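A short worksheet on the structure shown next.
Note that the coordinates shown come from a computational prediction; the quantities given were computed from them, not determined experimentally. One-based numbering, in listed order, for ligands and for the atoms of each.
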Amino acid sequence: MARQYYIAGNWKMNKNKAEALDLAKGLVEALKDGKNKYMIGVPYVYLDAVAQVVKGSNILLGAQDVASTGNGAHTGEVSCAMLKDIGCGCVILGHSERRHEIGESDELINKKVRKALNSGLEVDLCIGELLSEREAGEAEQVCAFQLSAGLAGVTAEQMKNVTIAYEPVWAIGTGKTATPEDAQAIHKFIRGYIAKLYNQEVADNVIIQYGGSMNQGNCEQLLAQPDIDGGLIGGASLKAETFVPICSVGC
Ligand code: PEP
């Protein structure tokens, strides 16, 4: 089953406006002949400006969060409709920094997932275990729970717009990467679990990214694994010179 590599950058809470525009312009130019799927997750306040830069390019504009409700009296929130209005096509949900720093529950993440999909946004749903959970041998159990909770009420048809990002929390921003073999083992488990939740066709088609200190030095080996279909990249996505080489794998 040939799945297209999907390389996404998560800029998190970094950059000022000029830097964001510079990076976006650099990526549009550098990736214009790229054969993979690309996305950048941009801070809310720069989305509109970056949208003008990536418009018409092969880079999908992503947000890093979205409200679980529609427009209305929800101070501080940003809706799916607002994101779509400015040209945003995707939203990263369930990132471990939102789960563990902000305290987002699986129930809230699921509401956001359903709202985003019902609004026509693609979803990049992050799952992954803490170090203590891995050491306790619970990595698969944690991923299974986060998948079934996060995808509750999502139809097989809607799964065409869902990407799963497996991000072991102990590997995010730490410089520690799962070995390609360990990452492959859990990606294979995730695909098998999606087959149980849906069916084999959905599982065969779903893109499963790896995230956690992916960089130019380790991306080829990780992406050579049969069930690793891309990457969600934090630190290395903040500069074109570190992100573009990852984006170029397989091209
Ligand atoms: C992330 O935040 O999704 C991530 C994988 O970060 P980093 O690449 O910096 O580990």
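- In this pair, Y166 and Y210 present their aromatic rings tilted. The plane angle is within the 30 to 60° band.
- Close N/O approach between M214 and ligand 1 is not found [any backbone or side-chain N/O within under 3.5 Å].
- If you check which protein heavy atom lies closest to atom 4 (C) of ligand 1, you get G234 N, 3.6 Å.
- For CD of Q52, the number of neighbouring non-hydrogen atoms (other residues, nucleotides, ligands) closer than 6.0 Å is greater than 12.
- In this structure, G173 counts as a contact residue of ligand 1, since one of its heavy atoms falls inside 4.0 Å of the ligand.
- If you look at N10 next to ligand 1, the close heavy atoms, those under 4.0 Å, all belong to the side chain.
- Nearest protein heavy-atom neighbour of atom 9 (O) of ligand 1: G235 N, 2.8 Å.
- Put simply, the side chain of R98 reaches to within 4.5 Å of the side chain of D65, judged on heavy atoms.
- Here the protein heavy atom with the shortest distance to atom 3 (O) of ligand 1 is E167 OE2, 2.6 Å.
- For K188, the NZ atom counts as loosely surrounded, since its 6.0 Å shell holds 12 or fewer non-hydrogen atoms of other residues, nucleotides or ligands.
- Interface of G212 with ligand 1, defined as ligand atoms under 4.0 Å from a residue heavy atom, comprises 5 (C), 10 (O).
- In this structure, A171 counts as a contact residue of ligand 1, since one of its heavy atoms falls inside 4.0 Å of the ligand.
- Looking only at protein heavy atoms, the nearest one to atom 1 (C) of ligand 1 is H95 NE2, 3.2 Å.
- Taking the ring axis of Y6 as reference, the NZ or CZ atom of K37 stays within 45° of it and closer than 6.0 Å to the ring centre.
- Within ligand 1, the atoms closer than 4.0 Å to a non-hydrogen atom of G211 are 5 (C), numbered from 1 in the order shown.
- With respect to Q209, the side chain to side chain contact (heavy atoms under 4.5 Å, CB included) criterion is satisfied by exactly one of I7, D124, D229: D124.
- Using modelled atom types, one side-chain atom of E133 and one backbone atom of L130 make a donor-acceptor pair closer than 3.5 Å.
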